[in-house]
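Encoded as structure tokens, the structure appears first; notes follow it.
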There are 2 protein chains.
Amino acid sequence: MAQSGRKPGRRPGPNETREAILAAARELFAEKGYDGASIRAIARGADVNPALVHHFFGTKENVFIEAMRLPFNPAELLPLILETPNDRLGETLIRVFLGIWSDPERRAPLVALLRSAMTNEQAATMMRQFVSTALLGRAAELRGIPLLKIDAAIGQMIGVMLLRYVIEVEPIASASEEELIELLAPTLQRYLC
Amino acid sequence: MAQSGRKPGRRPGPNETREAILAAARELFAEKGYDGASIRAIARGADVNPALVHHFFGTKENVFIEAMRLPFNPAELLPLILETPNDRLGETLIRVFLGIWSDPERRAPLVALLRSAMTNEQAATMMRQFVSTALLGRAAELRGIPLLKIDAAIGQMIGVMLLRYVIEVEPIASASEEELIELLAPTLQRYLC
């Protein structure tokens, strides 16, 4: 599959192997969803040993993040969330979110993922499972926040990012980041604390 | 164009004329956006007198609603908003929104519109202008609510509807309407009052 262009007899370099794993992962996540794609099956798709997948990426979550070219790693946001005092949680989260979305290069893969989730049932399954497993479960566990409230907070942020950066509805498309923080932080605060 | 299948010499019936107007409108809204498509130009596209467009639909807003098969008319929601006491505005709006989105037949054209606005710059322009002209301006005028706060409220509702009905993230996909009202009404209330 992804390696079919390789010359027979030549051993693939680490970059080729890495790319072959990511190509196999993209295919498998799209086909089986996030939960259904195991590291073992990804390794089989790339024709490598599962230990190599662990060696390159560590966890399935990391394979997903790299395969989908996500511009942030939920696991890296967790320490930030843990260190933020309760009364600043809403503001901190909206700042992190805006920091990612305001950069066109980091925004593009998120818009692409959202777009496919809206037009394709399999992509929706993949995104749903990743959000549940990697984002919701973790955050809920960490601070004991009910999942339904986290969904409401994610809904608020995704909806505003859509209006601001994709559909570009005014005045929210031109509002300053400080205006948005003042507007949205109390909402997130109410959901998450 | 839309009438090219009509037999020459036969006068089109009212249904045919209506459909020809809607077909011309869909084409023109997609091409010129909501603001750029005049009733005069729509009439020209359908090869009818502009007075006929007024006769069938009244306003450009109504032409848009019918052409896009929107499941609600913003103008009809206004009396409801006007009659709602301030302290029940959030709850009333989320009930209206859920009433529309929970019905698969009424939801489908909204998801289709959102989907095209996410993938197509012209569709985004069309949606942006319609939201600004027909929804935001009106509501702001009526109750003196700052537009930025209305954007935040629309963002909250669109984001939650996306997660609940399109991506189907749990637990918000299975939450009861009463749970959602309890969750979201205070947020809308804070933005709109």
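The chains referred to below are lettered A, B, ... by the order of the sequence lines, with proteins before strands, and numbering in each begins at 1. Quick caveat: nothing in here was measured; it's all calculated off a predicted structure.
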Query raised in the report: Which residue out of B:Ala173, B:Ala175, B:Ala117, B:Gly155 racks up the most heavy-atom pairs below 4.5 Å with chain A?
Result: B:Gly155
Report summary line: Those residues of residues 184-193 of chain B that come under 4.5 Å of chain A on a heavy-atom basis, listed by number, are B:Leu184, B:Pro186, B:Thr187, B:Arg190, B:Tyr191
Report summary line: Residue from A:Ala112, A:Ala152, A:Ala124 scoring the most non-hydrogen pairs under 4.5 Å with chain B is A:Ala152
Query - A:Leu162 versus chain B, the contacting section by heavy-atom distance below 4.5 Å - result: side chain
**Report entry** Residue pairs involving residues 154-174 of chain A (criterion ring-ring contact (aromatic ring centres under 6.0 Å, His included); sequence neighbours excluded)
**Finding:** none
Requested in this report: Run through A:Leu163, A:Val166, A:Ile167 and flag the one making a side-chain contact (heavy atoms from CB on, under 4.5 Å) with B:Arg128.
Outcome: A:Ile167
Report summary line: From the list B:Glu168, B:Arg164, B:Glu179, B:Gln129, the residue making the most non-hydrogen contacts under 4.5 Å with chain A is B:Glu168
Query raised in the report: Roughly how far apart are A:Ile172 CD1 and B:Lys149 NZ, rounded to 0.5 Å?
Result: 12.0 Å
